[in-house]
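Every value quoted in this text rests on a predicted model; they were computed, and no experiment measured them. In listed order, ligands and their atoms are each counted from 1.
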Amino acid sequence: MNIPIYLDNNATTPMDPRVLEAMIPYFTTKFGNAASRNHPFGWVAEEGVDYAREQVAKLIGASEKEIIFTSGATESDNLAIKGVFEMYKEKGNHIITTVTEHKAVLDACKHVEKMGGRVTYLPVKEDGLLDLAVLEAAMTPETILVSVMYGNNEIGVIQPIKEISAIAHKYGALFMTDAVQAVGKIPVDVNRDGIDLLALSAHKFYGPKGVGALYVRRKGPRVKVTAQMDGGGHERGMRSGTLNVPGIVGLGKAAELCGLEMESEAKRLSALRDKLQNALTVLEESYVNGNVEHRLPHVANISFKYVEGEGLMMAMKDLAVSSGSACTSASLEPSYVLKSLGLSDDLAHSSIRFGLGRFTTEEEVDYAIEVTKTAVTNLRNMSPLWEMFKEGIDLDSIEWAEH
Ligand SMILES: Cc1ncc(COP(=O)(O)O)c(C=O)c1O
Ligand code: FES
């Protein structure tokens with residue numbers, strides 16, 4: 001089997017060799033438990049963790065005391081949402097989020113509902129952006145938390161985080177953001193953006209899998225979350241469990257590298273992404289999903305109308321990409337994100353997410369353009385719907401027979 005070209009960097013990224021190099025000693029010689037206070041093995045591990053805490057904090061403009069290490073963003077999202085609900089439920093029981101959030105947020109919110117909370121799932125506009133007036137209208141005196149993602153994992157749309165946090169604060173609520181796809185790709189600053197809690201994950205920015213962090217604000221206001229993992233009282237009592245020292249060191253190194261390289265990398269990737277997008281939207285009846293101005297630099301999600309989804313994925317086997325179709329998702333549903341923008345099931349099926357990354361080359365992008373163009377053109381040549389469309393028949397007005 002040919003190894004396909006990897007253009008699925010929103011799902012995960014390959015680890016940077018420099019990150020691996022930083023981690024290795026913490027598996028072998030520096031193997032201590034960071035909580036062992038009475039011998040140098042523990043101190044050395046703790047030093048590694050402390051340094052990583054600074055590196056992560058620096059990337060998001062936080063102080064190191066505000067970083068809680070976790071097993072990844074799914075845990076961070078759960079800790080933030082359930083933890084805030086439990087901590088502040090005397091104050092109010094209402095949480096606001098959006099329909100395009102990651103399942104880690106949506107399902108944590110469903111859990112809160114089972115615990116007696118009330119959650120409002122706001123719609124988004126056709127371009128994927130949240131309407132600020134709609135948010136403001138949903139705020140109530142009982143609202144304790146607004147949770148809106150920074151950049152969307154499927155379409156890359158960047159929400160107006162500063163404006164959203166200002167509205168949350170105006171009504172006395174905390175603001176949390178799942179910034180998994182944004183951190184390390186675009187400048188994120190918890191103070192500039194008014195963020196009280198933020199989830200991030202190492203494997204989305206060239207670090208190891210299974211490690212992440214939750215930023216929890218300490219000043220103005222001091223935010224608290226109820227621990228979801230009880231035990232030895234690690235991480236200021238908010239997340240017990242022996243720290244994954246090599247993973248945390250890797251997370252720190254990955255954060256540092258992104259801080260150094262993000263600006264030039266964002267320019268390089270957005271130029272490559274635009275090249276890909278421009279070449280593919282030359283094809284008739286192809287549409288870019290989501291707002292193209294407020295978008296992560298490395299993502300393009302494109303729908304090809306009158307192309308059958310399964311066929312498209314089959315014909316693109318040389319590219320590792322994601323699609324909006326049911327067969328590439330664990331839930332067996334077409335993308336709820338694309339559907340919430342108003343796309344039909346059919347169009348969601350024939351949508352492809354291209355996610356470029358640090359190791360993507362121009363040659364790979366050129367190849368991806370060729371493969372996709374050929375696949376779309378060939379499938380359309382075989383498609384009776386395409387033929388009808390070309391003959392000028394209005395397909396939306398046809399009433400298809402039910403079987
Ligand atoms: C927006 C978003 N939130 C949360 C997650 C979950 O992160 P993790 O894989 O670290 O649990 C992902 C990754 O799929 C994501 O894209
Ligand atoms: S493309 Fe596989 S279910 Fe639609």
Expected list for residues 142-149: side-chain donor-acceptor pairs under 3.5 angstrom, two or more places apart:
residue : atom : partner : partner atom : Å
T143    : OG1  : H94     : ND1          : 2.8
T143    : OG1  : T140    : N            : 2.8
T143    : OG1  : T140    : O            : 3.0
T143    : OG1  : T140    : OG1          : 3.0

Determine whether the side chains of [X] and [Y] contain a donor N or O and an acceptor N or O closer than 3.5 Å.
X    : Y    : answer
Y306 : E308 : no
N244 : S71  : no
Y171 : E136 : yes

**Atom-level proximity to ligand 1, residues with heavy atom under 4.0 Å** = G72, A73, T74, D77, H102, M149, N153, D178, V180, Q181, S201, H203, K204
**Prompt:** Can you list every side chain to side chain donor-acceptor pair (under 3.5 Å) pair that touches residues 155-167, not counting sequence neighbours?
**Reply:** none
**Request:** Tell me, please, which residues at least two apart from R18 pass salt bridge (Lys or Arg N to Asp or Glu O under 4.0 Å).
**Result:**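 By the salt bridge (Lys or Arg N to Asp or Glu O under 4.0 Å) rule, R18 matches D16, E261.
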